[in-house]
2 protein chains.
Amino acid sequence: MNNTNVFSALAEPNRFQIVELLRRGPLTVGEISERLAIRQPQASKHLRVLLEAGVVEVHAEANRRFYGLRRESFQEMEDWLKSITEVWEERLDRLEQYLQVMKENQKQRPE
Amino acid sequence: MNNTNVFSALAEPNRFQIVELLRRGPLTVGEISERLAIRQPQASKHLRVLLEAGVVEVHAEANRRFYGLRRESFQEMEDWLKSITEVWEERLDRLEQYLQVMKENQKQRPE
DNA sequence: ATTTAATATTCCCTTGAAGGAATATTCCCG
DNA sequence: CGGGAATATTCCTTCAAGGGAATATTAAAT
């Protein structure tokens, strides 16, 4: 994840809402535009952006197109976040170790 | 996290790079602008955006200002991601359960 | 083959975000 | 107090993203 495209995709409020909407499973363009109260062309445009950013995937079914969240995309974001927060975890671990050592020393030489 | 501000903050390549730069710990504006090879005013501007989005925090020290990543912000993103992916996990669990049941039935009535 | 539903695309316009350059602010030091 | 370093802010300009409206495309149905 050095892909700022994913972030720009999610930065737009309507697109973020689309993602929220797709939590429970894929929806058609019509359903999406209806529930978000936006016009169909805007829905299509936003979905295109999400698609190209890899946030979303389509599968056609006759006339309709179902858009659903793309797992890999979210997995990548999670990995990236972990790669950042794990540094902090390590620091916490070291702090705990340190405190533990201090505690041991206290036991050996009370008062 | 319904805050698209965080995403718009990270959507800009320079700002994303700033976050990457701050992984190891806080830096001053000067250091940041130097390492990213951007002019100081731009660095300040980007840092302002990151600050207002809550991605980053400052603490002043004499003349300088150290910017560092703000943990809460990343925690919130992680929580949001989990709230999305956990639905998938549940589904997987149910699938596994289902497969397990089928396996049991096989044992009871082989061939 | 024509019509109709669902979706995508295009064109135009407006607004906001980002960079450049200059300037303001803050703080330390002598 | 005056000077200089570090940082923030302002003004201006440019460019791309997003909405509206109209139109094109695709596929089904009759």
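So that the names make sense, note that chain A is the first sequence line, chain B the second, and so on, each numbered from 1. Bear in mind the structure is a predicted one, so any value in this text is a computation, not a measurement.
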Next item on the list: Give the minimum heavy-atom separation between A/I18 and A/H46, together with the two atoms involved.
Entry: CD1-CB, 4.0 Å
Check: Should the pair B/R65-B/E61 be classified as a salt bridge under the 4.0 Å nitrogen-to-oxygen rule?
Finding: no
Notebook entry, point to check: Should the pair A/F7 and B/F16 be assigned to parallel (<30°), tilted (30 to 60°) or perpendicular (>60°) ring geometry?
Noted result: tilted
Item checked: Geometric class of the A/F74/B/W80 ring pair [parallel <30°, tilted 30-60°, perpendicular >60°] -> tilted
Check: Listed in order of residue number, which residues of residues 36-49 of chain A have a non-hydrogen atom at under 4.0 Å from DNA chain D?
Finding: A/R39, A/P41, A/Q42, A/K45, A/H46
Check: Between B/R23 (side chain) and A/S83 (backbone), is there a donor-acceptor pair under 3.5 Å?
Finding: yes
Check: For the residue pair A/R64 and A/T28, what are the closest heavy atoms and their distance?
Finding: CB-CG2, 4.1 Å
Margin query: Check this for me: does the side-chain of B/N63 come within 3.5 Å of the base of D/dA5 through a donor and an acceptor?
Written below: yes
Next item on the list: Go through the side-chain N and O atoms of A/R71 and B/T85 and say whether any donor and acceptor fall under 3.5 Å apart.
Entry: no
Notebook entry, point to check: When all nucleic acid strands are considered with a 4.0 Å heavy-atom cut-off, which category describes A/Y67: base, sugar-phosphate, or nothing?
Noted result: sugar-phosphate
Note to self: Below 4.0 angstrom, which residues in residues 54-62 of chain B have at least one non-hydrogen atom near DNA chain C?
What the structure shows: B/A62
Notebook entry, point to check: If only atom types and distance count, is the side chain of A/R15 paired as donor or acceptor with the main-chain N or O of A/L10 below 3.5 Å?
Noted result: no
Next item on the list: Just call it for A/T28: base, sugar-phosphate, or nothing, with non-hydrogen atoms closer than 4.0 Å on any strand.
Entry: sugar-phosphate
Checklist line | Polar side-chain atom of B/S73 near backbone of B/L69 as donor-acceptor pair, under 3.5 Å | finding: no
Item checked: chain A contact limits on DNA chain C, taken 5' to 3' with a cut-off of 4.0 angstrom to heavy atoms -> C/dA5 to C/dT10
Checklist line | Check: A/Q42 side chain, A/R39 main-chain N or O, donor-acceptor pair, under 3.5 Å | finding: no
Next item on the list: Nearest-nucleotide wise, let me know which of B/R64 and A/R15 is further upstream toward the 5' end of DNA chain D.
Entry: B/R64
